[in-house]
Amino acid sequence: MDRDDLFGPLREAIEAGAAQALGSLYGLEGPFHYKFETPPDPAMGHLALACFPFAKAAKTGPPIIAQALAQALGSINGLAEARAVGPYLNFFLSPRYLADRLLTSALMPDFGNSSQGKGQRLLLEYSSPNTNKPLHLGHGRNNLLGMALANLSETQGFEVIKVNLVNDRGIHICKSMLAYQTFGQSETPESSGLKGDKLVGKYYVEYDKRSKLDPRLEDQAAQMLRDWEAEVPEVRSLWRTMNDWVLAGFQETYDRLGCQFDQLYFESETYQSGREIVLKAQAEGRVEVEDNGALSIDLTDIGLDKKILLRGDGTSMYITQDLGTTVKKYADFYFDHHFFVVGNEQDYHFKVLFEVLKRFGYDWAARLEHLSYGMITLPEGKMKSREGTVVDLDDLLDEMKALAQTEIESREIFGPKEQDLIGATAEWVGQGAVKYFILKSGAAREMQFNPKESLSFDGQTGPYLQYTHARISSLAKRAQEVELGSKEGYAWSGQETELLVQLGRFYELLQFCFSERNPAPLCTYLYELARNYNKYYYDQPVLKAEPNERRARLDLGLAVQAVLAKGLKILGIEPLKRM
RNA sequence: GCGCCUGUGGCUCAGCUGGAUAGAGCAGUGGACUUCGAAUCCAAAGGUCGUAGGUUCGAAUCCUACCAGGCGCACCA
């Protein structure tokens, strides 16, 4: 059992007691269906057992059963009170028990962790950029989701392997190459002062502009792709140079955001690897042959369509290469789970991919999951790289940093000799705002991003959480200068008990986020924890109280701080001591 | 045409494995800094949960139809 599983054992004890009571009161025999809930208001209790399911068999109303059970239940370790409230049997946790269980363990790095993924390997693919343009806010959502899910999975005990499948070949890559070759005048990142991905992106836009005036460019790009496939040296060399520029540019942004990968896959190296898989399936009679020799599979029986897997000329398609890379990834890692963080425009593609693998006899296809997310739109509509209507990720981070810096300087928290600390802090605050904003919404939803209004440092934001964390840090620092007593026998108030209960829910919350493959509930949880703490902070003096009270209240604060820190790190946000 | 996703106060979103009065934040209104950090706190105001049916003791939550928006439905990637 996991150390920080607080509610699990309580529920089990309640179930055992209730089963006995239902037997003696109504002569009922189990097994019963126990429906536990969280009361809407902590003043009503911390844990509720709904008594509706017992009513039919007991031939009496749920409120009467709740009453009777409240009377009949013996004392349970950890519970202070059982009280019938309408049709519910509500339980109050003992603050003393909570404090003993939580105040020390909350400070540990593994607080709230689960062992459910122990011994299992989870492959997480995310980012998957194209090497023809810089990263924009949409990629940002992918990267932030990917990192948060990786961190979340690690709390559940999985061995997490992060991979990035770089799309570095194809006609779109050739377009920026062609524009560069034709109009670029040997410009380099050094000579232009542009980040490598920005430089290449400039020529992608340039191609789009020119090709509208001169349709011949399209043929030239197609020819370049053929030359690339034929491995014409000049084309390959240009391709390698430009890809290296882009990848160096991406790396800067990844480093800045804290994105890491254990392995990179390049489509240029894997794009042909699916063909043998399809041919093997043909030999096994799992695919059909079209009139022109193309190989297809019919998925209409499950509501999908017929899908071509290999062209008539024998060349690979997108699905073909994905079949190949997926099989390769399994051979490389023998994963127990494989999550693909990819936008919802590819929902259909992944359904097909997974189904084909299943029909080809790969039993591990059941371990594949597409983690889909909605795209980010602007008030004007979709972002389009070709047309330059995108929120560039680097630019956005720069802007947020500048705004944060202005705020920090106006507060005079840092001295004049701490300029570099101000800069670093501004970076973290700016990122905190961006990351929290993007992660707090469920992934399935598309989100509208209004540059002027979306990002704020007030209210339910990353900086609010960072501020709460910093505020407690400040408290802890000042506590070194005062006498602290012992918290033994301290009478925890209702407000304090509520905070303790909230800390106690962290373990189940992480499990829930993982099971939903969604970091958004963690965002909500952290905000509510910080909000309750801020109110508490306002209501109750800590260092101005008696020494014993100081100790208890400070320890509670430190536990809150530790959970905030842990949660923020899962989200990729830096907890700050000063800001 | 078919499939998937989304539709909750002016705006951005929680809540959606059915349950106890539908929650936040922003914007706007009114308060709280001689007090441990006011990037904070408090108060009032603001919603027929897209529409119409249905299932249920009970529906924002499940089912059906419809409406609106998004994304797919290539021998493109």
Side-chain angles (χ1 to χ4, degrees), chain A residues 35 37 39-41 44 48 50 52 55-56 61-62 85-88 90 130 167 169-173 267 271 290 292-296 303-305 307-322 343-349 351-352 372-375 377 382 404 407-408 410-411 413 429 433 437 440-442 444-450 453-454 456-468 470-479 482 515-516 520-521 523-524 527-528 530-531 534-545 550 553-554 557 578-579:
Chain A
K35 193 153 191 293
E37 295 175 31
D41 179 352
M44 299 164 78
F52 304 97
K56 203 174 278 177
V85 181
Y88 294 92
N90 287 357
N130 293 336
N167 185 335
R169 63 161 286 279
I171 189 71
H172 51 299
I173 308 290
E267 291 193 0
Y271 79 107
E290 299 295 307
N292 68 350
L295 300 181
S296 71
L304 303 175
D305 303 298
K307 182 72 193 172
I308 303 289
L309 299 175
L310 204 59
R311 292 193 189 96
D313 63 6
T315 59
S316 291
M317 306 175 46
Y318 180 55
I319 184 95
T320 324
Q321 69 176 338
D322 257 8
N344 63 6
E345 71 274 12
Q346 298 204 37
D347 285 356
Y348 182 79
H349 170 73
K351 270 189 197 168
V352 172
S372 172
Y373 61 89
M375 61 164 145
T377 60
K382 280 183 74 166
E407 292 283 322
I408 291 165
S410 74
R411 270 162 244 267
I413 296 288
V429 171
F437 176 80
K440 81 179 161 106
S441 296
R445 243 178 128 104
E446 70 180 60
M447 62 194 310
Q448 199 189 86
F449 181 82
N450 186 328
E453 296 165 14
S454 290
S456 137
F457 300 138
D458 300 322
Q460 187 177 353
T461 63
Y464 176 90
L465 301 176
Q466 291 169 310
Y467 173 79
T468 309
R471 186 185 233 185
I472 299 172
S473 297
S474 177
L475 199 58
K477 193 176 169 202
R478 284 175 188 273
V482 301
S515 69
E516 298 286 311
C523 294
T524 307
Y527 171 69
E528 285 172 354
R531 178 161 47 98
N534 280 325
K535 175 155 176 50
Y536 170 64
Y537 179 92
Y538 186 87
D539 292 341
Q540 285 295 328
V542 177
L543 301 179
K544 291 180 179 175
R550 285 177 191 157
R553 292 171 189 175
L554 180 65
R578 297 160 73 200
M579 63 185 273

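Order of the sequence lines fixes the chain letters, A, B, ..., with proteins taken first and strands second; residue numbering starts at 1 for each chain.
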rC11(B) glycosidic torsion: syn (within 90° of 0) vs anti: anti
Could you work out, with salt bridge (charged side-chain N to carboxylate O under 4.0 Å, His left out) as the rule, every residue matching [X], not counting sequence neighbours?
| X | answer |
| --- | --- |
| Lys35(A) | Glu37(A) |
| Glu516(A) | none |
| Lys382(A) | none |

For [X], what residues pass the side-chain contact (heavy atoms from CB on, under 4.5 Å) criterion, not counting sequence neighbours?
| X | answer |
| --- | --- |
| Asn534(A) | Tyr464(A), Thr468(A), Arg471(A) |
| Ala520(A) | Asn518(A) |
| Ile413(A) | Arg411(A), Arg578(A) |
| Lys351(A) | Leu304(A) |

Rounded to whole angstrom units, what separation is found between the [atom1] atom of [X] and the [atom2] atom of [N]?
| X | N | atom1 | atom2 | result |
| --- | --- | --- | --- | --- |
| Lys351(A) | rC71(B) | NZ | P | 17 Å |
| Leu465(A) | rA39(B) | CG | C1' | 11 Å |
| Glu528(A) | rG25(B) | CD | P | 10 Å |
| Tyr373(A) | rG72(B) | OH | C1' | 15 Å |
| Leu554(A) | rG37(B) | CG | P | 12 Å |
| Asp347(A) | rU6(B) | CG | P | 10 Å |
| Glu345(A) | rA74(B) | CD | P | 16 Å |
| Leu309(A) | rA74(B) | CG | C1' | 13 Å |

Contact under 4.0 Å: Lys382(A) side-chain N or O vs rC71(B) OP1/OP2: yes
Span that lies between the [atom1] atom of [M] and that of [N], in whole angstrom:
| N | M | atom1 | answer |
| --- | --- | --- | --- |
| rG28(B) | rG69(B) | C1' | 28 Å |
| rG58(B) | rG25(B) | C1' | 31 Å |
| rC42(B) | rC66(B) | P | 47 Å |
| rA52(B) | rG15(B) | P | 25 Å |
| rG50(B) | rU34(B) | P | 47 Å |
| rA44(B) | rC5(B) | C1' | 38 Å |
| rA22(B) | rU61(B) | C1' | 11 Å |
| rA60(B) | rU8(B) | P | 15 Å |

Report, one pair per line, the protein and nucleotides 11-20 of chain B atoms (nitrogen or oxygen only) whose separation is under 3.5 Å.
unit_1: rA14(B); atom_1: OP1; unit_2: Gly442(A); atom_2: N; d: 2.7
unit_1: rA14(B); atom_1: OP2; unit_2: Arg445(A); atom_2: NH1; d: 3.0
unit_1: rG19(B); atom_1: O2'; unit_2: Tyr88(A); atom_2: OH; d: 2.5
unit_1: rA20(B); atom_1: N1; unit_2: Asn90(A); atom_2: OD1; d: 3.4
unit_1: rA20(B); atom_1: N1; unit_2: Asn90(A); atom_2: ND2; d: 3.1

Which is true for [X] with a 4.0 Å heavy-atom rule: it touches a base, it touches only sugar-phosphate, or it touches nothing?
| X | answer |
| --- | --- |
| Leu304(A) | nothing |
| Ala479(A) | nothing |
| Met579(A) | base |
| Ile171(A) | nothing |

[X] side-chain proximity, nearest of [options]:
| X | options | value |
| --- | --- | --- |
| Ala294(A) | rC4(B), rC75(B), rU6(B) | rC75(B) |
| His172(A) | rU6(B), rA77(B), rG37(B) | rA77(B) |
| Gln346(A) | rC73(B), rA77(B), rG37(B) | rA77(B) |
| Pro541(A) | rG3(B), rC36(B), rG37(B) | rC36(B) |
| Arg411(A) | rG37(B), rA77(B), rC73(B) | rG37(B) |

Rounded distance (nearest 0.5 Å) linking atom CD of Gln460(A) with atom CD of Glu528(A): 8.0 Å
Any side-chain donor near an acceptor of the partner, Gln448(A) and Thr377(A), under 3.5 Å: no
Distance-only side-chain donor-acceptor flag, Ser441(A) / Arg445(A), under 3.5 Å: no
Hey, what are the protein-to-nucleotides 40-46 of chain B N/O distances that come in under 3.5 Å?
unit_1: rU40(B); atom_1: OP1; unit_2: Gly459(A); atom_2: N; d: 3.3
unit_1: rU40(B); atom_1: O2'; unit_2: Arg471(A); atom_2: NH1; d: 3.3
unit_1: rC41(B); atom_1: OP1; unit_2: Tyr464(A); atom_2: OH; d: 2.5

Under the ring-ring contact (aromatic ring centres under 6.0 Å, His included) test, residues paired with Tyr373(A) that sit two or more places apart: none
By ring-ring contact (aromatic ring centres under 6.0 Å, His included) - contacts of Tyr537(A) (at least two apart): none
Paired and unpaired positions of RNA chain B as dot-bracket, Watson-Crick or G-U wobble under 3.5 Å, | denoting a partner strand: (((((((..((((.....[...))))..((((.......))))......(((((..]....))))))))))))....
Any N/O donor-acceptor pair, Asn292(A) side-chain to rC75(B) base, under 3.5 Å: yes
Donor-acceptor pair, side chain of Asn292(A) and main chain of Ala294(A), under 3.5 angstrom: yes
Backbone of Pro541(A) reached by a side-chain donor or acceptor of Arg553(A) within 3.5 Å: yes
5'-most by nearest nucleotide on RNA chain B - Gln321(A) or Ile472(A): Ile472(A)
